[in-house]
Amino acid sequence: VTPSAGALGSLTASVSTDTTGTGLGGVVSWNYSVADTLVEYLAADQIKVETFTITLDDGNGGTVDRTIDLTITGTNDAPTATNLSAPETYIEDTPLNLINVVISDVDSAIVTATLTLSDPAVGSLNAATSGAVTSTYNTGTGVWSAVGTIANVNTLLAGLTFTPALNFNGNFTIATNVSDGVATITGSKAVTGTPVNDQPGFTATDPPAVGEDSGLQSLANWSTFNPGPADESMQTVLAYTVSDVSNPSLFSAGPTVATN
């Protein structure tokens, strides 16, 4: 058996019925095999023809050649991707560069990558451009998408950043999806938030004027304490510190602010 140039598989042949000498000939059986990895590059319906020449020898100097053409028709192979379900952890009010999702596809040059926040209110994903591909993000649906060559889409995925909404530190998920237009693979990222204590605040007004030698003065409800965002509403004042009094000599005892 002689393969043609560029043949990827192999063909074996054997005489299964031998009637040599009767003039009736015989039966030759053959078997063809090829490794899947060698033909995965074929796109759906793409064709490759393998040609083999079988030479039959009767052992007495007589030979005959027969050519066999084998047609291999490609089918679509699904894309593959790393880290579709890799967990993520972010810090409140701090953007997070997501763990890289890296896409591969043996028979498709163009892919679509889609990431969807389980709740659009938790924050946003950044849009950017790589080569001829520009990603998009819909703030209403929480859907990020990029369509184009694998290299450009992978570059956009490598630079993908989640920015949490102000003062948000909750947990949520990001659904991941990669498609070559025929086959789709999916995943889900569990995202965990780490809270950060926010600076408290308070409002106050200027105290009323008092006369000299008026003695101890007390002003109720002079300030209003603001503990911060909603998730810190249970916090209370530990202490007020009065500093930078412009003329401390006016006071027999420095001013203080009660926590209540």
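In this text, all values refer to a predicted model and were calculated from it rather than measured experimentally. Atoms considered below: every heavy atom in the structure, side chains included; atoms not considered: hydrogens, waters and symmetry mates.
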Hey, what do you get for [atom1] ([X]) to [atom2] ([Y]), rounding to the nearest 0.5 Å?
X: E50; Y: I68; atom1: CD; atom2: CD1; result: 12.5 Å
X: T53; Y: D65; atom1: OG1; atom2: CG; result: 6.5 Å
X: N60; Y: D57; atom1: CG; atom2: CG; result: 8.5 Å
X: D180; Y: T80; atom1: CG; atom2: OG1; result: 10.5 Å

- prompt: Would you call L70 and F52 a side-chain contact if the rule is heavy atoms closer than 4.5 Å?
  reply: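 SC-SC contact between L70 and F52 confirmed.
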query: Hey, are the side chains of Y137 and L117 touching, using non-hydrogen atoms and a 4.5 Å cut-off?
result: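 Yes, side chains in contact.
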message: Run W144 and L156 through side chain to side chain contact (heavy atoms under 4.5 Å, CB included) and show every step you take.
response: CA-CA 11 Å; W144 179 96; L156 292 172; 4.2 Å; yes
- prompt: Counting heavy atoms not belonging to N247, are there more than 12 under 6.0 Å from its CG?
  reply: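 More than 12 within 6.0 Å, yes.
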task: Decide yes or no on side chain to side chain contact (heavy atoms under 4.5 Å, CB included) for L98 and L125, but give the supporting numbers first.
output: CA-CA 10 Å; L98 299 182; L125 298 169; 4.1 Å; yes
message: So, using side-chain hydrogen bond (donor to acceptor under 3.5 Å, both in side chains) as the criterion, who are the partners of Y41 when residues are at least two apart?
response: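 Scan of Y41 (side-chain hydrogen bond (donor to acceptor under 3.5 Å, both in side chains), adjacent residues dropped) gives none.
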query: Going by the angle between their ring planes, with limits at 30° and 60°, are Y240 and F202 parallel, tilted or perpendicular?
result: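 Perpendicular: the ring planes of Y240 and F202 meet at over 60°.
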- prompt: Which atoms form the tightest heavy-atom contact between S145 and T114, and what is the distance?
  reply: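 It is OG-OG1, 3.9 Å.
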